[in-house]
Protein chains: 2
Amino acid sequence: MADDSKPVYLRLREIISASILDGAFRDGDMLPSVRAFAAQQGANPLTVAKAYQSFQDDGLVTVKRGVGMFVADGATRRLRAMEKAHFLENVWPPVAAQMQRIGVSLSDLSNMQDA
Amino acid sequence: MADDSKPVYLRLREIISASILDGAFRDGDMLPSVRAFAAQQGANPLTVAKAYQSFQDDGLVTVKRGVGMFVADGATRRLRAMEKAHFLENVWPPVAAQMQRIGVSLSDLSNMQDA
DNA sequence: CCGGCTGTATTATGTCACTGAAGCAGTCAT
DNA sequence: ATGACTGCTTCAGTGACATAATACAGCCGG
């Protein structure tokens, strides 16, 4: 996440995912066109298309060929559930293990957020 | 961490790092030889060497050419400090951001650990 | 219809990280 | 000196990733 060392198309995917979850794009909204988003992000249109591809594979966006790509109905909710499951199964366990090794507790982190 | 999608040499580095932090190797101990560790992990000796390289770049292991590699003095403490700083600066912020997006709180995670 | 927008497919090219194989070089016990 | 261990250097192969130019296919407002 926000890791510049990762492939561009994955970074783009995360940008879009975060935008949907944050409410910048809601169900039914049209996403930026492949060419427009590519220009905005300084990337290649094909790379953007590859990022969009993963979303339509999951049925999170519907494609109206010749018109644009739209956030599917219920996609926000489903995306949040998918990301949540992925987080709890694949992200959190190793993070928790690392925290134990380096001596960081959950209460340390909650105190951080207060600051 | 424990992510099979990451490069082998980084996975090896994490195995070694965890071993040191967990006390399997203490300051002054000799690490497994490049060839031995490679055979044990089913990796290429050069790949192991690349993992070890990152440790000597940080001064955490001292190299006695022709003899072996040894955990440097105070390396355990320094490694823990380095990993802790890296975690707080680079790992935790995006994780916290993602948690907020998907609706997972710290208390949810602490309840998980109880189970 | 037509021009301009949309996404998609094809092909080619360049770059770079990762991995691997073989051999060189230093240390030490014998 | 020899042999067995150590780490290290050099060369090469593979595949993923990103970019590019070009062309095609569907939609829509004029």
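All heavy atoms count here, side chains included; hydrogens, waters and symmetry mates do not. Convention: sequence-line order gives letters A, B, ...; per-chain numbering from 1.
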N or O in side chain of B:Gln56 less than 4.0 angstrom from D:dG7 OP1/OP2: no
List the atom pairs, donor and acceptor, that lie under 3.5 Å between side-chain atoms in residues 25-32 of chain A and the rest of the protein, sequence neighbours left out.
residue, atom, partner, partner atom, Å
A:Asp27, OD1, A:Thr76, N, 3.3
A:Asp27, OD1, A:Thr76, OG1, 2.7
A:Asp27, OD2, A:Gly74, N, 2.7
A:Asp29, OD2, A:Arg26, N, 2.8

Nearest-0.5 Å distance, CG of residue A:Leu21 to CD of residue B:Gln100: 11.5 Å
Expressed as a whole number of angstroms, how long is the span from A:Leu12:CG to D:dT19:P? 9 Å
Could you state the atom-to-atom distance from CZ of A:Phe37 to P of C:dT8 in whole Å? 15 Å
Are A:Val67 and A:Met69 linked, directly or through other ILVMFWY residues, by side chains that come within less than 4.5 angstrom of each other? no
Between A:Asp108 and A:Ser105, do the side chains contain a donor N or O and an acceptor N or O under 3.5 Å apart? yes
Rounded to the nearest angstrom, tell me the gap between atom CZ in A:Phe70 and atom C1' in C:dC5. 12 Å
So B:Asp58 and B:Arg13, salt bridge (Lys or Arg N to Asp or Glu O under 4.0 Å) or not? Walk me through it. CA-CA 13 Å; B:Asp58 293 337; B:Arg13 190 191 195 281; 3.3 Å; yes
Atom CE of A:Met69 and atom C1' of C:dT6: how far apart are they, to the nearest Å? 11 Å
Exceeds 12 heavy-atom contacts within 6.0 angstrom, atom CG of B:Asp22: yes
Mind grabbing the angle between the end helix axes of the helix from C:dC1-D:dG30 to C:dT30-D:dA1? Five pairs an end, 10° rounding. 10°
When rounded to the nearest 0.5 angstrom, what is the spacing between CD1 in B:Ile16 and CZ in B:Arg11? 12.5 Å
To the nearest Å, give me how far apart CE (A:Met30) and P (D:dC28) are. 12 Å
Taking side chain as C-beta onward, heavy atoms only, is B:Leu109 less than 4.5 Å from A:Leu88? yes
Using whole Å, what does the distance between atom C1' of nucleotide C:dT8 and atom CD of A:Gln53 come to? 9 Å
Which letter, B, S or -, goes with each nucleotide of nucleotides 19-27 of chain C from 5' to 3', with contact meaning a protein heavy atom under 4.0 Å? SBB-B-SBS
